[in-house]
> 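Following this message is one structure expressed as structure tokens.
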Amino acid sequence: MNRRLLVVGGVLAAGIAAGYLLMRMYDVEFLSMVVERTVEEKLDPSVDAAAVRRMFAGLRADREAGRLTRGACRDGLLEAAAFIEKRQVLRQQDVERIEGYFHPQR
């Protein structure tokens, strides 16, 4: 009985550790996907959805090329998520504000 408890406890601990490591490795990618989909769902029909997709593709390219650090991207995504949560419909100026979270110097 003790041996089973040890094995089950070890497997659970390894599973929790693996889940934590996976989330730490892919947290920015997951947040990016969620924010991008939410923005697309809340877009006003007058806003060009293809331009928004290009914006997020550009952010991914900047992150992969090292022009945008994972920390800065994570912070921008969290700020964008907080902003999006308060809006029912996103207009062009809202999309520009979201982009500004990732490139504050622009």
> Going only through I, L, V, M, F, W and Y residues with side-chain contacts under 4.5 Å, is there a path from Leu78 to Leu68?
yes
> Quick one: closest heavy-atom pair of Val39 and Ile84, and the distance?
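So the minimum-distance heavy-atom pair works out to CG2-CD1, 3.2 Å.
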> So with a 6.0 Å cut-off around CZ of Arg67, is the heavy-atom count from everything else above 12?
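Yes, CZ of Arg67 has more than 12 neighbouring heavy atoms, counting only those of other groups under 6.0 Å.
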> How long is the span from the CZ atom in Arg37 to the NZ atom in Lys42, to the nearest 0.5 Å?
16.0 Å
> Who are the side chain to side chain contact (heavy atoms under 4.5 Å, CB included) partners of Thr69, not counting sequence neighbours?
Ala72
> Is the shortest distance from a Lys or Arg side-chain nitrogen in Arg70 or Glu29 to a carboxylate oxygen in the other one below 4.0 Å?
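Looking at Glu29 together with Arg70, the answer is yes, because their closest N to O distance falls below 4.0 Å.
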> Can you confirm whether more than 12 heavy atoms, excluding those of Glu85, are under 6.0 Å from its CD atom?
no
> Taking C-beta and beyond as the side chain, do Met33 and Phe30 meet within less than 4.5 Å on heavy atoms?
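They are in side-chain contact.
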> For a 4.5 angstrom cut-off between non-hydrogen side-chain atoms, does Asp94 reach Arg97?
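Sidechains of Arg97 and Asp94: no contact.
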> The criterion is side chain to side chain donor-acceptor pair (under 3.5 Å); which residues satisfy it with Arg60, sequence neighbours excluded?
Glu36
> Between Arg87 and Leu90, does a side-chain contact (heavy atoms from CB on, under 4.5 Å) hold up when you go through it step by step?
CA-CA 7 Å; Arg87 303 281 188 214; Leu90 295 172; 3.8 Å; yes
> Taking side chain as C-beta onward, heavy atoms only, is Asp48 less than 4.5 Å from Leu43?
no
> Quick one: pull up CZ in Phe102 and CD in Glu79 and give me the separation to the nearest 0.5 Å.
8.5 Å
> Do Arg74 and Leu31 have side chains that approach each other closer than 4.5 Å (heavy atoms only, starting at C-beta)?
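A side-chain contact exists here, since the closest heavy-atom pair is under 4.5 Å.
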> Could you go through Tyr101 and Asp75, starting from their C-alpha distance and side-chain angles, then the distance that decides it, and tell me whether this counts as side-chain contact (heavy atoms from CB on, under 4.5 Å)?
CA-CA 8 Å; Tyr101 290 138; Asp75 292 344; over 6 Å; no
> With side-chain contact (heavy atoms from CB on, under 4.5 Å) as the test, would you mind laying out the steps for Leu59 and Ser32 before giving the verdict?
CA-CA 9 Å; Leu59 291 173; Ser32 179; over 6 Å; no
